[in-house]
Amino acid sequence: MNKAVSRSTFLRLAGAAALLLTETLAHSAENEITSEMILADPEAPTAGNPDGDLTIVDFFDYNCPFCKDAAVHLERLVKADGKIKLVYKDWPVLTPTSIVGAKLALGARYQDKYLAAHHALMSVPGYGISQQQMIDAVRKSGVDMNRLDADIKANDAAITGLLKRNLAIADAVGFQGTPGFLVGPYKVNQALTYEGFQRVAADARARQAGQKAG
């Protein structure tokens, strides 16, 4: 383990995973899911065009090979299109180390390195990525690991709160597993190719235009 990341921090993260993976979320007025929670959570990292005419929300797990395959195509489309806002929803549901990865990435956000950490973690191939592999990948991405450790500790409540909101949203939307995407008004619960993302983005824009015209 990298000495800059304390053992106690990651033992705490692994322990939190069990709670998030098994917690049953009650549907009540207090935790009603709103479109603002989905599209404009101020704690959720974003990329692409913040003023784009289409928003794509990406629900993923760093232990999901299908998420990693789809991410390459999605980010290619976001860059080529130029008018898409991409919202990242870390959704750690596969293994205990999934939440370790999510907290590493979200902790890096406090030094404006979320995307660097995210891309590094998504570049680690396969399923069942170990904690050490995740730490090594994030370190190599240029994240200050000493600061990361401090930021995770200082912002643990905020990071865990965001992950719980993401889980609540995924549950309310009805996703059955990773990856999951909200493309404008459409829900997609499978990995897509570049052409697949192009088609659903075009369909979403056409539907949005029809709704405005109506």
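Just so you know, these numbers use all the heavy atoms, side chains as well, and skip hydrogens, waters and symmetry mates.
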If every non-hydrogen atom of V188 is compared with every non-hydrogen atom of V183, which pair is closest and at what distance? CG2-CG2, 4.5 Å
Atom OG1 of T193 and atom CZ of R76: how far apart are they, to the nearest 0.5 Å? 9.5 Å
Between F175 and F59, is the gap from one ring center to the other below 6.0 Å? yes
Can you give me every donor-acceptor pair (side chain of residues 61-71, partner residue at least two apart or in another chain, under 3.5 Å) with its distance?
{"from": "D61", "atom 1": "OD1", "to": "N63", "atom 2": "N", "distance (Å)": "2.7"}
{"from": "D61", "atom 1": "OD1", "to": "S98", "atom 2": "OG", "distance (Å)": "2.7"}
{"from": "D61", "atom 1": "OD2", "to": "V93", "atom 2": "N", "distance (Å)": "2.8"}
{"from": "D61", "atom 1": "OD2", "to": "L94", "atom 2": "N", "distance (Å)": "2.9"}
{"from": "D61", "atom 1": "OD2", "to": "S98", "atom 2": "OG", "distance (Å)": "3.0"}
{"from": "Y62", "atom 1": "OH", "to": "D90", "atom 2": "OD2", "distance (Å)": "3.2"}
{"from": "Y62", "atom 1": "OH", "to": "H118", "atom 2": "ND1", "distance (Å)": "2.9"}
{"from": "N63", "atom 1": "OD1", "to": "G128", "atom 2": "N", "distance (Å)": "3.0"}
{"from": "N63", "atom 1": "OD1", "to": "I129", "atom 2": "N", "distance (Å)": "2.5"}
{"from": "N63", "atom 1": "ND2", "to": "T95", "atom 2": "OG1", "distance (Å)": "2.8"}
{"from": "N63", "atom 1": "ND2", "to": "T97", "atom 2": "OG1", "distance (Å)": "3.0"}
{"from": "N63", "atom 1": "ND2", "to": "S98", "atom 2": "OG", "distance (Å)": "3.0"}
{"from": "K68", "atom 1": "NZ", "to": "Y62", "atom 2": "O", "distance (Å)": "3.1"}
{"from": "K68", "atom 1": "NZ", "to": "V124", "atom 2": "O", "distance (Å)": "2.5"}
{"from": "K68", "atom 1": "NZ", "to": "G126", "atom 2": "O", "distance (Å)": "2.8"}

Before you tell me yes or no, could you show the steps for V143 and M145 under side chain to side chain contact (heavy atoms under 4.5 Å, CB included), namely the whole-Å CA-CA distance, both residues' side-chain angles and the distance that decides it to 0.1 Å? CA-CA 6 Å; V143 171; M145 300 302 283; 4.2 Å; yes
Name all residues meeting the side-chain hydrogen bond (donor to acceptor under 3.5 Å, both in side chains) criterion together with E75; count only those two or more places apart in sequence or in a different chain, and write none if there are none. Y88, H119
State, with a plain yes or no, whether a side-chain heavy atom of I38 is found less than 4.5 Å away from one of L182. yes
pair P45-L115: side-chain heavy atoms closer than 4.5 Å: no
Going by the rule side-chain hydrogen bond (donor to acceptor under 3.5 Å, both in side chains), which residues pair with E43 if we only count those two or more places apart in sequence or in a different chain? R109
Shortest non-hydrogen contact from P185 toward R207: CG-CD, 3.8 Å
List in chain and number order the residues that pass side-chain contact (heavy atoms from CB on, under 4.5 Å) with T34, two or more places apart in sequence or in another chain; answer none if no residue qualifies. E36, M37
Between CD of Q132 and CZ of R139, what distance do you get to the nearest 0.5 Å? 7.0 Å
Interatomic distance, NZ@K89 vs CG@L163, rounded to 0.5 Å, equals 10.5 Å
Residue pair Y186 / V200, side-chain heavy-atom distance below 4.5 Å: yes
In the structure I gave you, are the side-chain heavy atoms of T46 and K85 within less than 4.5 Å of one another anywhere? yes
Using side-chain contact (heavy atoms from CB on, under 4.5 Å) as the criterion, list what pairs up with N155, not counting sequence neighbours. Y110, D151, I159
How long is the span from the CD1 atom in I135 to the CG atom in D149, to the nearest 0.5 Å? 9.5 Å
Closest heavy-atom pair, A108 versus A117, reported as atoms and distance to 0.1 Å, is CB-CB, 3.8 Å
Salt bridge present between K103 and D156 (N-O < 4.0 angstrom): yes
Would you call D41 and R165 a salt bridge, using N to O less than 4.0 angstrom? yes
Qualifying salt bridge (charged side-chain N to carboxylate O under 4.0 Å, His left out) pairs, either residue in residues 187-206, two or more places apart: D53-R205, D81-R205
Nearest heavy-atom approach of L77 to Q198 is CD1-CG, 3.8 Å
How many angstroms lie between CG in L54 and NZ in K83, if you round to the nearest 0.5 Å? 11.5 Å
Could you check, using the six-membered ring where one of them is a Trp, whether F181 and F197 have ring centers closer than 6.0 angstrom? yes
Mind checking the CG-OH spacing from L104 to Y114? Nearest 0.5 Å is all I need. 11.5 Å
